[in-house]
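Right, one structure below, let's go through it.
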Amino acid sequence: MKNLPYKALKGTKDILPPESFVWQNLEEKARRLFSHYGYQEIRTPIIEELKLFVRSVGETTDIVQKEMFSFKDRGGREICLRPEATASCVRAYLESNLSSEPIVKFYYFGPMFRAERPQKGRYRQFHQIGVEVLGANSYLVDAEVILLLVELVKEFSLEHFLLKINSLGCTEDKKKISEEYRKILLKRKERLCPLCQERCERNVLRVLDCKEKRCQEIIGDLPSTLEMLCENCRRHFQSLLDILSSLNIKYTVEPRIVRGLDYYTRTVFELTSELLGSQDALAAGGRYDNLIEDLGGPSLGAVGFALGMERVIIALEKSGKLNEFVEKPLEVFLITLGEEADKEGFLLMERLRKKDISVDMDYSGKSLKAKMRRADKLKIRFVIIIGEDELKKGRYILRDMQSGYQEMINKEDLEKLCKKIRGEQG
Ligand code: AMP
């Protein structure tokens with residue numbers, strides 16, 4: 001239908017069945033895994049004050065500069081649709097005084113909003129599953145978060161992913177790295193794209209995110225961030241790599257990933273999949289040791305990741321595994337013929353559902369043949385038929401659509417009917 005007056009906004013989409021069942025299934029798997037590791041769900045508002053993200057994600061980042069859906073409300077307050085959830089989690093953690101707890105482990109699901117140019121795998125409303133561990137400095141927590149991400153992706157039946165990992169060091173190291181990079185890049189400034197020329201002045205680490213070929217060539221020559229780490233940060237990173245190896249987690253150290261958000265310190269990581277094409281990042285995360293303090297709390301470390309759900313779905317489609325997550329069909333489809341039979345069938349359905357049997361009927365009044373076709377299309381194993389004759393004789397026809405075998409069952413014998421449907425003897 002081309003000429004409908006209303007359509008979903010560009011870069012947004014409806015998630016319809018059967019895909020919605022895949023989402024539910026994946027979310028259920030994630031919930032089970034997270035609670036196994038001691039994580040609890042947090043649900044924060046979708047709208048927040050604009051300044052929360054300006055302060056946390058960073059004024060010079062792409063997200064803040066050009067991707068936020070922000071507006072003034074009727075009271076003149078500057079509001080925005082959240083572009084990510086880390087800042088909201090930290091705000092909520094501080095607002096609820098949770099920073100007095102030794103450690104807080106959150107997980108979340110939900111939509112995020114970025115006004116990016118839509119393309120396959122890149123939307124304006126997209127969904128993330130993420131975790132945040134707040135109030136923790138140990139490298140073991142970085143390891144736990146990375147382990148959890150890898151386990152999650154495995155739960156989702158995704159293989160062929162690549163974990164890239166790096167360290168940006170503490171605030172002082174980050175400053176040192178930025179200065180060193182600025183010095184080198186300014187010497188080659190005219191070879192950089194106009195945006196990166198500007199980035200050299202305002203936020204030089206952003207140059208490393210540039211996808212332009214000419215910038216990539218220059219970035220490739222920059223020294224590794226790891227060469228500029230202080231002793232403490234170096235030890236933190238090495239301990240993390242060692243424990244990841246002990247966990248048999250495969251990674252590559254990628255000394256030039258910095259991530260597109262300003263709050264990261266020390267560990268940063270990305271999980272990419274070759275199934276995804278140009279938007280190949282499945283998930284990303286890292287440590288943010290200054291954010292809690294920057295947002296008005298005590299000086300406590302934190303680490304987290306966010307995984308893009310749409311990209312998981314694309315990867316499952318590409319690997320032919322989407323069907324593993326699709327809903328199981330109903331057990332029974334009820335076919336009734338005539339008004340009286342409709343009523344009888346309707347009441348029978350409710351009795352079957354109370355016996356934990358999933359069942360539905362077609363209310364359309366179509367022919368037996370049409371209804372049988374529908375049961376077939378829905379891949380439903382059993383059909384119960386109630387026509388005028390069955391009504392009169394007080395019985396139902398139960399047909400096994402797989403074998404084509406059918407038998408009469410007395411309407412009083414609900415137990416027998418249920419047993420047959422469940423495949424039990426008797
Ligand atoms: P980020 O918050 O930018 O670190 O992104 C974390 C993950 O969210 C990425 O690895 C993607 O899987 C997903 N993601 C980010 N932006 C988008 C987008 N515009 N559309 C779809 N997924 C996205």
Side-chain angles (χ1 to χ4, degrees), residues 8-15 19 23 26 30 44 46 48 52-53 56-58 60-69 80-90 106-132 145-146 148-150 152-153 156 158 161-166 168 205-206 208-211 254 257-265 267-288 291 302-318:
L9 289 172
K10 198 170 153 191
T12 71
K13 62 186 188 112
D14 303 305
I15 300 160
E19 191 187 319
W23 284 65
L26 296 175
T44 62
I46 280 167
E48 294 273 3
L52 172 68
F53 299 105
S56 56
V57 174
T60 56
T61 57
D62 282 356
I63 293 180
V64 168
Q65 294 250 304
K66 43 182 196 194
E67 294 170 3
M68 293 240 266
F69 282 101
C80 96
L81 301 183
R82 62 180 186 196
E84 57 107 50
T86 304
S88 305
C89 288
V90 174
F106 286 140
Y107 74 84
Y108 60 83
F109 298 101
M112 311 294 156
F113 304 84
R114 294 183 198 171
E116 297 193 80
R117 196 168 44 77
Q119 62 182 86
K120 179 114 181 136
R122 197 158 77 184
Y123 307 96
R124 292 185 171 170
Q125 174 172 336
F126 59 98
H127 298 76
Q128 288 183 337
I129 291 187
V131 305
E132 311 290 352
V145 165
I146 292 173
L148 197 50
L149 174 59
V150 169
L152 182 65
V153 171
F156 290 173
L158 292 174
F161 52 81
L162 194 66
L163 174 67
K164 299 176 190 166
I165 182 165
N166 191 26
L168 303 175
L205 290 182
R206 292 279 73 76
L208 276 76
D209 286 334
C210 187
K211 297 278 180 288
E254 189 88 21
I257 51 167
V258 293
R259 309 284 310 112
L261 301 92
D262 273 359
Y263 51 63
Y264 287 119
T265 51
T267 314
V268 284
F269 55 89
E270 275 178 10
L271 199 76
T272 57
S273 165
E274 60 198 32
L275 298 167
L276 287 177
S278 69
Q279 300 298 314
D280 67 349
L282 260 182
R287 183 164 267 290
Y288 44 97
L291 188 57
V303 51
F305 73 72
L307 168 92
M309 281 293 281
E310 283 77 2
R311 300 213 181 151
V312 170
I313 303 279
I314 294 171
L316 285 174
E317 258 168 10
K318 283 268 167 65

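What you are looking at is a predicted structure, and each value in this text was computed from that prediction instead of being measured. Remember, it's 1-based here, ligands and their atoms both numbered in the order they're listed.
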Exercise. Do we see a donor-acceptor contact under 3.5 Å between the side chains of Y288 and E132?
Worked result: yes
Exercise. Between the side chains of T44 and R82, is a donor N or O closer than 3.5 angstrom to an acceptor N or O?
Worked result: yes
Problem set entry | salt bridge (Lys or Arg N to Asp or Glu O under 4.0 Å) involving K13 - partner list, sequence neighbours excluded | E19
For this session: Would you check if the side chain of R206 reaches a backbone N or O of R259 as a donor-acceptor pair within less than 3.5 Å?
Result: yes
Exercise. Side chains of Q119 and Q279: closer than 4.5 Å at any heavy-atom pair?
Worked result: yes
Exercise. If you measure only the distance, is there a donor-acceptor pair under 3.5 Å linking the side chains of T12 and Y123?
Worked result: no
Exercise. Which parts of the protein, at residue level, reach under 4.0 Å of ligand 1 through a heavy atom?
Worked result: R114, E116, G121, R122, Y123, F126, Q128, R259, L261, A281, L282, A283, A284, A306, G308, R311
